[in-house]
Amino acid sequence: MWTKLLCAAALGAAAAGASAETSWDFSYTGFLNGETNVFDPTLRYSGSFAGEDSDGNGELDITELTHFSWDDKLYIDRGGRPCGPGQCELHKFTYDLGLSKLNFVSEWTYADDASRSSGSTIAGSQLSFFGYTQGGGTIASNLLWTPETRFVINAVPEPATVVMLGVGLAAIGAVARRRQGRAG
């Protein structure tokens with residue numbers, strides 16, 4: 001009886017440690033260059049986000065995010081906005097949990113004594129960059145989503161989930177071993 005009680009307590013403690021927050025990694029591959037009108041099927045941009053659907057409506061919105069990064073820029077981290085030396089803004093964000101549909105609008109800028117650059121993304125539409133240096137160099141790029149642009153998103157298991165899986169498998173193994181010992 002004590003064994004069952006201890007197992008139940010261990011499983012309950014592991015479940016209590018689990019977080020309802022989920023993390024996702026996502027990427028878009030294949031863009032049309034707006035200046036050259038050439039589609040590049042290998043061009044890839046990626047990001048990640050984490051949060052909890054606290055209102056239970058099946059959609060994660062910007063107020064429910066604890067993390068958002070896109071194109072190597074950290075826009076939100078536990079409610080803060082650590083964009084590094086530049087400035088970032090996540091203007092809009094929704095993720096439909098049932099349809100796996102992601103929408104966001106982001107913008108970033110960077111400036112120092114020698115250069116200035118900026119970019120913006122409207123997910124599903126366009127990704128734009130502009131930059132210049134005091135020496136006169138400029139770069140501009142406008143990448144467009146097309147029907148051939150591929151979207152991939154995967155939920156990332158939280159560490160507590162992995163621990164719970166390990167505890168559960170260990171418990172199943174212990175029960176099976178105990179039954180095998182009694183049968184033999």
Side-chain angles (χ1 to χ4, degrees), residues 15 17-110 117-131 139-166 168-169:
S19 171
E21 179 177 289
T22 305
S23 299
W24 291 266
D25 290 334
F26 66 96
S27 66
Y28 295 96
T29 307
F31 293 90
L32 177 69
N33 184 312
E35 284 77 38
T36 64
N37 207 31
V38 173
F39 181 78
D40 183 346
T42 63
L43 192 55
R44 181 177 185 268
Y45 288 89
S46 60
S48 63
F49 62 93
E52 178 183 348
D53 181 20
S54 56
D55 60 10
N57 68 352
E59 183 175 273
L60 201 62
D61 67 42
I62 197 166
T63 64
E64 298 170 315
L65 287 179
T66 56
H67 166 86
F68 183 85
S69 67
W70 168 244
D71 187 27
D72 295 325
K73 291 165 191 63
L74 185 58
Y75 287 79
I76 294 175
D77 189 33
R78 297 284 171 207
R81 297 176 186 244
C83 193
Q87 294 180 337
C88 299
E89 186 71 32
L90 182 62
H91 296 289
K92 294 180 183 178
F93 177 92
T94 58
Y95 177 61
D96 186 308
L97 298 165
L99 299 175
S100 293
K101 184 165 176 57
L102 177 64
N103 290 301
F104 66 92
V105 176
S106 65
E107 187 174 18
W108 61 269
T109 60
Y110 172 81
S117 56
S118 63
S120 65
T121 302
I122 302 170
S125 180
Q126 69 181 24
L127 181 67
S128 301
F129 302 101
F130 176 77
I139 183 170
S141 180
N142 190 32
L143 303 173
L144 306 173
W145 267 253
T146 72
E148 289 80 31
T149 302
R150 292 182 317 280
F151 173 64
V152 175
I153 189 162
N154 294 301
V156 179
E158 292 293 319
T161 304
V162 175
V163 169
M164 282 189 353
L165 176 63
L169 290 174

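Everything numeric here is computed off the predicted structure, so don't read it as measured data.
Between Tyr28 and Trp70, the angle of the ring planes goes over 60°, which puts this pair in the perpendicular group of the 30/60° scheme.
Scored by the side-chain hydrogen bond (donor to acceptor under 3.5 Å, both in side chains) test, Asn142 finds Ser128 as partners (sequence neighbours excluded).
Taking CD from Glu89 and CH2 from Trp108, the interatomic distance works out to 15.0 Å, rounded to the nearest 0.5 Å. Put simply, CG on Leu102 and OG1 on Thr94 are 7.0 Å apart, with the number rounded to the nearest 0.5 Å. In this structure, CD1 on Ile76 lies 5.0 Å from CD1 on Ile62, to the nearest 0.5 angstrom. For the atom pair Leu143 CG and Glu35 CD, the distance stands at 8.0 Å (nearest 0.5 Å). Atom CG of Leu60 and atom CD of Glu21 lie 9.0 Å apart (nearest 0.5 Å). Atom CG of residue Asn33 and atom OG of residue Ser141 lie 5.5 Å apart, to the nearest 0.5 angstrom.
Glu64 contributes no side-chain N or O that, together with a main-chain N or O of Gly51, makes up a donor-acceptor pair within less than 3.5 Å. Proximity of a side-chain donor or acceptor of Ser120 to a complementary backbone N or O of Ser106 within less than 3.5 Å is not detected.
Heavy atoms only, all atoms of each residue included: Thr109 and Ser118 are closest at CG2-CB, 3.9 Å. Counting all heavy atoms, side chain and backbone alike, His67 lies closest to Ser48 at NE2-OG, 2.8 Å. Residue Asp61 comes nearest to Asp55 through the heavy atom pair OD2-OD2, 4.4 Å, listed as atom of the first residue, atom of the second, then distance. Here the shortest heavy-atom pairing between Phe130 and Ala140 reads CD1-CB, 4.1 Å. Closest non-hydrogen pair, Thr22 versus Ala155, comes out as CG2-CB, 4.2 Å. Contact between Gly30 and Thr149 at its shortest, heavy atoms only, is O-OG1, 2.6 Å.
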Stepwise side-chain hydrogen bond (donor to acceptor under 3.5 Å, both in side chains) check, Glu148 with Thr146:
CA-CA 5 Å; Glu148 289 80 31; Thr146 72; 3.1 Å; yes
Run the side-chain contact (heavy atoms from CB on, under 4.5 Å) test on Leu97 and Trp24 for me, step by step, so that the C-alpha distance in whole Å, both residues' side-chain angles and the decisive distance to 0.1 Å come before the verdict.
CA-CA 11 Å; Leu97 298 165; Trp24 291 266; 3.6 Å; yes
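When each of Phe68, Phe49, Tyr75 is checked for a ring pair (Phe, Tyr, Trp, His ring centres under 6.0 Å) with Phe104, only Phe68 meets the rule.
In this structure, the side chains of Tyr45 and Phe31 come closer than 4.5 Å at one or more pairs of heavy atoms.
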